[in-house]
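Take a look at the structure below.
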Amino acid sequence: MCKMQYRRLLLALIALAFFSCKKNSSSENNNDGTNGVCNKVMQHIVKWQNLVIADEYLAVNYDGSGRLNNIKMNLSLSEYRNPTFEYDHNGRIKQAIVRDNRIGNIVDTIVYRYNAAGKVDSMYMKQDNGWHYILSYDGNGNVVKFSLSSGTTTEHYWDLTYDNGNIKRAVLYNRNSNGTYAKETTLDYTYDDRKNPFQTIAMYMFYLDDEDRILRVSGPNNFINETYTRQSSGNTGTSGYKYKYNVNCYPETNQVTLSGQPVSSNPSFAYTYQ
């Protein structure tokens, strides 16, 4: 497991990166004919497709009872992985068998553990040298600290703050050689007021892509902008998405933006639902 590399993140966004999550009701992002009022229809995401690079997509399928069965992620700057989920007698996901998309061999098994409230409080890969995630929650059920540890040592962690269930700020701290922690990066997010199709599956997407790109799709709404500040250099920048929505307030397509402006006049990604 490696620490966040923001050069990689920016390259991913400029090359038509990943998906998205908060609260902002701009007219350019509410093109769904609902006049700002969303119905209660729920749809399940089955594919998120890069419209420029055909081999880049996220595919999701469900079992006969509607439970999450499998997530297949094909993204050029990420692991090409394909976890199939298994459930315990309480109906909770207990583990995921992870395969490599390209050759189909089993890479590892992700194990999920839960706290007394039924929330995932840790997860680990059996063969990954003891690396595991630990999650801490507030009284509202929001993850406020997200840590990557090896054995009993925390290598880095995120401090998370919320607005209306969406992460509005994520601050990354890395462990120094002397055992102290230094702030490395601050990410500030804004969101729309529409429905985020990744909310229910985001928790089970860690180990598939960079942590911050999963964290920002964990709330009820869709990410519009991410403004990053690198503490060591003072560098900052803003990237995001501009959406077109379907009649049920879910994203139908989006365009990648830099500093609030679309990088192309054509849609960047398309969403398919069941």
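Note that the coordinates shown come from a computational prediction; the quantities given were computed from them, not determined experimentally.
Taking CG of D193 as the reference point, atom SG of C249 lies at 7.5 Å (rounded to 0.5 Å). Rounding to the nearest 0.5 angstrom, the gap separating the CG atom in N222 from the NZ atom in K242 is 15.5 Å. The structure places CD of Q261 at 10.5 Å from CD of Q255, a figure rounded to the nearest 0.5 Å. We find the CG-CG distance between D209 and L75 to be 6.0 Å, quoted to the nearest 0.5 Å. Taking CE from M205 and CG from L58, the interatomic distance works out to 5.0 Å, rounded to the nearest 0.5 Å. Separation of atoms CD1 (I97) and OG1 (T109) is listed at 3.5 Å; rounding is to 0.5 Å.
At a cut-off of 3.5 Å, with distance as the only test, no side-chain donor of D100 or N82 sits close to an acceptor on the other residue. Remark: the D108 side chain and the Q127 side chain contain no N/O donor-acceptor pair separated by less than 3.5 Å. The closest side-chain donor-acceptor pair between N61 and Q274, if any, does not fall under 3.5 angstrom. No hydrogens or angles considered: nothing links the side chains of N221 and N164 as a donor-acceptor pair under 3.5 Å. For the residue pair E86/Q95, the side-chain donor-acceptor check at 3.5 Å is satisfied.
One N or O on the side chain of N115 and one on the backbone of G118 form a donor-acceptor pair closer than 3.5 Å. Of the possible donor and acceptor atoms, none in the side chain of N101 sits under 3.5 Å from a partner among the backbone N and O of G104. Side-chain atoms of N50 come within 3.5 Å of backbone atoms of V52 as a donor-acceptor pair (strictly under, hydrogens ignored).
For the side-chain contact (heavy atoms from CB on, under 4.5 Å) with T186, the qualifying choice from T236, L172, T227, V171 is V171, the only one to do so. Tested against F146 for a ring pair (Phe, Tyr, Trp, His ring centres under 6.0 Å), the candidates F206, Y137, Y157 yield a single pass: F206.
Using a 4.5 Å heavy-atom cutoff, the side chains of N246 and Q43 are in contact. Here the side chains of W158 and L187 are in contact, with some heavy-atom distance below 4.5 Å. Between N196 and P220, the closest side-chain pair of non-hydrogen atoms is not below 4.5 Å. Under the 4.5 Å side-chain criterion, counting only non-hydrogen atoms from C-beta, L135 is in contact with M203.
Smallest separation of non-hydrogen atoms from I45 and T272: CD1-O, 3.5 Å. Scanning both residues, P83 and N70, for their nearest heavy atoms gives O-ND2, 3.1 Å. K195 and C38 make their closest contact through CE-CB, 4.2 Å (heavy atoms, listed as atom of the first residue, atom of the second, distance). Nearest heavy atom pair, residue A202 against residue V217, reads CB-O, 3.6 Å. Contact record, R81 with V107: NH2-CG1, 4.1 Å, taken as the closest heavy-atom pair. The two residues L208 and M73 come nearest to each other via the heavy atoms O-SD, 3.3 Å.
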Practice prompt. Assess whether side-chain contact (heavy atoms from CB on, under 4.5 Å) is satisfied between F269 and Y243, documenting all intermediate values.
Written response: CA-CA 10 Å; F269 299 98; Y243 297 90; over 6 Å; no

Practice prompt. Go through the steps to decide whether V60 and I201 satisfy the test side-chain contact (heavy atoms from CB on, under 4.5 Å), and finish with yes or no.
Written response: CA-CA 9 Å; V60 186; I201 65 174; 4.0 Å; yes

Worksheet entry | CA sep, side-chain torsions, deciding dist, call: I110, V98, side-chain contact (heavy atoms from CB on, under 4.5 Å) | CA-CA 7 Å; I110 306 172; V98 183; 3.6 Å; yes

Discussion item. Between Y250 and Y271, is the ring pair (Phe, Tyr, Trp, His ring centres under 6.0 Å) condition met? List the steps.
Written reply: CA-CA 9 Å; Y250 286 97; Y271 301 71; 9.5 Å; no

Discussion item. Let's go through D212 and E226 carefully: what are the C-alpha distance in whole Å and the side-chain angles of both, what is the deciding distance for side-chain contact (heavy atoms from CB on, under 4.5 Å) to 0.1 Å, and is it a yes or a no?
Written reply: CA-CA 10 Å; D212 76 302; E226 172 189 274; 3.2 Å; yes

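No continuous path of hydrophobic side-chain contacts links Y273 to V41 [ILVMFWY only; heavy atoms under 4.5 Å]. One hydrophobic cluster holds both V46 and I71 under the rule that ILVMFWY side chains link at heavy-atom gaps under 4.5 Å. Hydrophobic clustering, with ILVMFWY side chains joined whenever heavy atoms are under 4.5 angstrom apart, groups Y62 together with W48.
Looking at residues two or more places apart in sequence or on another chain, you find a side-chain hydrogen bond (donor to acceptor under 3.5 Å, both in side chains) between D88 and R92.
Sorted by first and then second residue, the ring pair (Phe, Tyr, Trp, His ring centres under 6.0 Å) pairs involving residues 102-121 (not counting sequence neighbours) are Y112-Y204. Applying the salt bridge (Lys or Arg N to Asp or Glu O under 4.0 Å) rule to pairs touching residues 64-75 yields D63-R67, sequence neighbours excluded.
Taking the centre of each ring, Y173 and H156 stay at or above the 6.0 Å mark. Remark: aromatic rings of W131 and Y124 are distant, center separation not under 6.0 Å.
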